[in-house]
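This report concerns only the one structure given below.
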Amino acid sequence: MQIILQKNDDSSNSNSNDINTCCSWDNAKQLTAKLTRIVGEEHVLQKKSAAKSIYLKGARLGYGEALCVVRPGTLSEAVECLKAIVESGAVVVPQGANTGLTGGSVPRSSGSHDPRPSVVLSMRRLNLITPMDDGTKLLCFAGAGIADVGKSANAFDREGHSVLGSIFLNPSVAAGVAFGSGGTQLRKGPAYTDRALYCRVNADGKTVEVVNKLGIVGSANNDDVLQMLDNLQQPLKDNHHATVIRSDTNSPNGRAKASDSQYPKKVCMLDGSVARFNADTSGLEVNRSEGKVLILATVHDTFPRAQTSRLFWISCDSLETALDLRKRVCLASEADLPTSCEYMDRDSFDIIDQSGRVLCAVIHMFGVGEVVRRLWDLKLRIESISGLELVCDQAMHFVNNVFPQALPSNLMKAGRTFDHHLMLEVGEYGDGTEQRLLDRLNAFEAEYNANKHQSSVQIHECTTTKDVNAVKAFRFAAAPAFRTWCVGENVQGLSVDYALPKNGGLAPEMSISTATAAAAIPLKRMRYSHFGCNVVHEDLAYGLDVNVHDAKMEFKKAVEQDGGKLPAEHGHGTEYKAPLDAQERWKGMDPSNTMNPGVGGLPVSANYK
Ligand SMILES: Cc1cc2nc3c(=O)[nH]c(=O)nc-3n(C[C@H](O)[C@H](O)[C@H](O)COP(=O)(O)OP(=O)(O)OC[C@H]3O[C@@H](n4cnc5c(N)ncnc54)[C@H](O)[C@@H]3O)c2cc1C
């Protein structure tokens, strides 16, 4: 749950005391010199600068100072850096693409009272992806982007494991595992693997252990595996053939899961449990570890590519109708699940239209890739300058209507006529999936619209690539558009990520008797979700006179009363308090509290004291 633009929110302001703490720390010079020797001067960012600031400010929440940002270029360098930082007594904040929304990817803010300075360990340069087992799996270095994973799988006519709303920013594979990031892919489930190479800080708080659960041939010894994997980067440079990586099927690790293979079955079981949530303690410790171990590389399944794919925009007269469609069309059979089924309500539609056109146009113009990523970083850099925190969103809100509507006119009309919309992507996977799903959809439409003057369900198929891309960009623009809208309208915003029971799905209601009337009735209530999974992102806008913290507590209560769990896929970060069993699991991984201290409501101090 997050509060943005809340009154007195200091999360975007730097604090000079932090810098003094970092620089006056006894081991500062020694540590930065050591890190410089390991990775080279260019990859140790020490001085306060625009380049450094993008590693220190969270995408939606959090800002803290760091002694330095270090960017290793090989796995061995990453391990050496970690050892040096740990030995020095500083704390480590592992970072991927820094698109995390809950503050856990950046150093803690000035109020933490922990004398230990932070070092951001950016894994972004470690971006190698190499196929395994005839392309049915990929070995991914920690900083590889999920959009690039998709491209690598493509070469084998297969698909990567994740599509998040942030895919246009190419978030990292390891962070997906560290959070259990979810996204749109109903047939694949959240990012998950029991095959990983990672580092753990030992209980003495001074030494580091490398744990190898990759299960690949020739990787039994830890030193060998680091060398072997680092060598994969060399042959490409020297124009040799890369070493072929294979699963060691004789070892338990080589046979372990490289995706949440039970997910299709689980998601179709419409009982009172949730499909996925971040405090889930199952699986190898890297899963949902939130930076308490350092992930170096992971193995992930790839998935069959749909032979054909069709996208439908389905407008419904009520949420109940949409939920019935979810049950009877999407989740009727685990054998023919749709590729994805996303939802947005009328407030989402309106806010994206009122504040998201610039982003949609940028995605339309440049596609998912490096240009959009660079523009996003530029926005973060500008926002990190004191006094300019809001300027980008103000500008985007102001010029919004100069840009064209992001959707084709028939969908704009549907968006303004109905209050509930689904984006249903259906694929043919070689076994008649598509036809069975479409038969169910057509029967559903016929039943609902029989004998009615006005349709309860209106189905539009997006038949051109341009329209398909426009719908996807519109959906991906939801979260950034809410921030832009709040800034532009000068209101407070509250963002919540939660999972509802699979047999539920109605919007949780805050009771007016317990919440103040103002908290119970927000100015806007924007609900958009990974509908098939019942994972909801809800953004609530409030006037400046409302106590958003109280509203947040009331909302949490309402979700939990409905059997829901928070957070579902954005991770706890510094925003959500984790339940005791999840906290204990993290303490077991990192007994000295050296890795990402302060996540999930844990103390920030050494040894959790
Ligand atoms: C516009 C937008 C839309 C989004 N949509 C979705 C969505 O649909 N679904 C969803 O689940 N999320 C979504 N997110 C959130 C975010 O993109 C995901 O959480 C993503 O997985 C974070 O990846 P990252 O590389 O940016 O990680 P970071 O933000 O850099 O890090 C996230 C966490 O992982 C840890 N971490 C990073 N690398 C490592 C490592 N090598 N070892 C150990 N720990 C590590 C960090 O310490 C941190 O706690 C969205 C974000 C944005 C901005």
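Numbering of ligands and ligand atoms starts at 1, following listing order. Computed from a predicted model, the values in this text were never measured in an experiment.
With respect to the salt-bridge test (charged N to carboxylate O, under 4.0 angstrom), the residues D377 and R373 qualify. Salt bridge K472/E425: present, at least one basic N to carboxylate O contact under 4.0 Å. Between K137 and D301, at least one side-chain nitrogen of the basic residue sits less than 4.0 Å from a carboxylate oxygen of the acidic one, meeting the salt-bridge criterion. Between R374 and E370 a salt bridge is recorded (basic side-chain N to carboxylate O distance below 4.0 Å).
Within ligand 1, counting atoms from 1 as listed, the ones closer than 4.0 Å to a heavy atom of A142 are 41 (N). Within the listing of ligand 1, atoms 40 (C), 41 (N) sit less than 4.0 angstrom from a heavy atom of A174. The G100 neighbourhood of ligand 1 comprises atoms 26 (O), 29 (O), with distances under 4.0 Å to a heavy atom of that residue. The N596 neighbourhood of ligand 1 comprises atoms 47 (O), 49 (O), with distances under 4.0 Å to a heavy atom of that residue. Near G96, with a cut-off below 4.0 Å to any heavy atom, the atoms of ligand 1 are 25 (O), 28 (P), 30 (O), 37 (C), 38 (N). Of all atoms in ligand 1, numbered sequentially from 1 with element shown, those under 4.0 Å from a heavy atom of G104 are 47 (O), 48 (C), 49 (O). Within the listing of ligand 1, atoms 24 (P), 26 (O), 28 (P), 29 (O), 30 (O) sit less than 4.0 angstrom from a heavy atom of N98.
In terms of modelled atom types and a separation under 3.5 Å, the side chain of N278 and the main chain of G571 share a donor-acceptor contact. Between the side chain of N400 and the backbone N or O of R357 there is at least one donor-acceptor pair closer than 3.5 Å. N534 contributes a side-chain N or O that, together with a main-chain N or O of P501, makes up a donor-acceptor pair within less than 3.5 Å.
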* **Residues E285, R585; criterion salt bridge (charged side-chain N to carboxylate O under 4.0 Å, His left out); working and verdict** => CA-CA 8 Å; E285 59 186 350; R585 180 171 176 259; over 6 Å; no

* Under the salt bridge (charged side-chain N to carboxylate O under 4.0 Å, His left out) rule, what do R483 and D393 come out as? Steps first, then yes or no, please. => CA-CA 7 Å; R483 182 187 151 91; D393 288 296; 2.7 Å; yes

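Between the side chains of S261 and S259, not a single donor N or O lies within less than 3.5 Å of an accepting N or O.
Residue nearest to atom 24 (P) of ligand 1, selected from A59, A477, A97: A97 (by heavy-atom distance). Considering C199, S181, G600, S289 only, the shortest heavy-atom separation from atom 18 (C) of ligand 1 involves S181. When the heavy-atom distances from atom 46 (C) of ligand 1 to G58, P94, S105 are ranked, the shortest goes to P94. Scanning G143, S166, G103, P171 for the heavy atom closest to atom 52 (C) of ligand 1 points to S166.
For atom 33 (C) of ligand 1, the closest non-hydrogen atom of the protein is F179 CZ, 3.5 Å. Counting protein heavy atoms only, atom 42 (N) of ligand 1 is closest to I295 N, 2.9 Å. The protein non-hydrogen atom at the shortest distance from atom 22 (C) of ligand 1 is T99 OG1, 3.3 Å. Counting protein heavy atoms only, atom 8 (O) of ligand 1 is closest to G165 N, 2.9 Å. Scanning the protein heavy atoms around atom 44 (N) of ligand 1, the nearest turns out to be G291 CA, 3.5 Å. Remark: minimum distance from atom 12 (N) of ligand 1 to any protein heavy atom is reached at H570 CD2, 3.4 Å. Among all protein heavy atoms, the one lying closest to atom 27 (O) of ligand 1 is A175 CB, 3.0 Å. When only non-hydrogen protein atoms are considered, atom 43 (C) of ligand 1 lies nearest to V293 O, 3.1 Å.
A ring-centre distance under 6.0 Å is found for H421 and F349. In this structure, the ring of Y498 has its center no less than 6.0 angstrom from the ring center of F277.
At least one heavy atom of G183 sits under 4.0 Å from some atom of ligand 1. Distances shorter than 4.0 angstrom occur between a heavy atom of H530 and an atom of ligand 1.
For P480, every heavy-atom contact with ligand 1 shorter than 4.0 Å involves the side chain, none the backbone. With a heavy-atom cut-off of 4.0 Å, S172 touches ligand 1 through backbone and side chain alike. Of all the heavy atoms of M123, the ones lying under 4.0 Å from any atom of ligand 1 belong exclusively to the side chain.
Inclusion of W376 in the set of residues having an N or O under 3.5 Å from an N or O of ligand 1 is not warranted. Residue L294 has no N or O atom closer than 3.5 Å to an N or O atom of ligand 1.
A side chain to side chain contact (heavy atoms under 4.5 Å, CB included) with L214 is found for one member of N253, L139, I245, L296 and no other, namely L139.
Inter-residue side-chain proximity for R288 and Y192 is flagged as met; some heavy-atom pair is nearer than 4.5 Å. Looking at L35 and I85, their side chains come closer than 4.5 Å, going by heavy atoms from C-beta outward.
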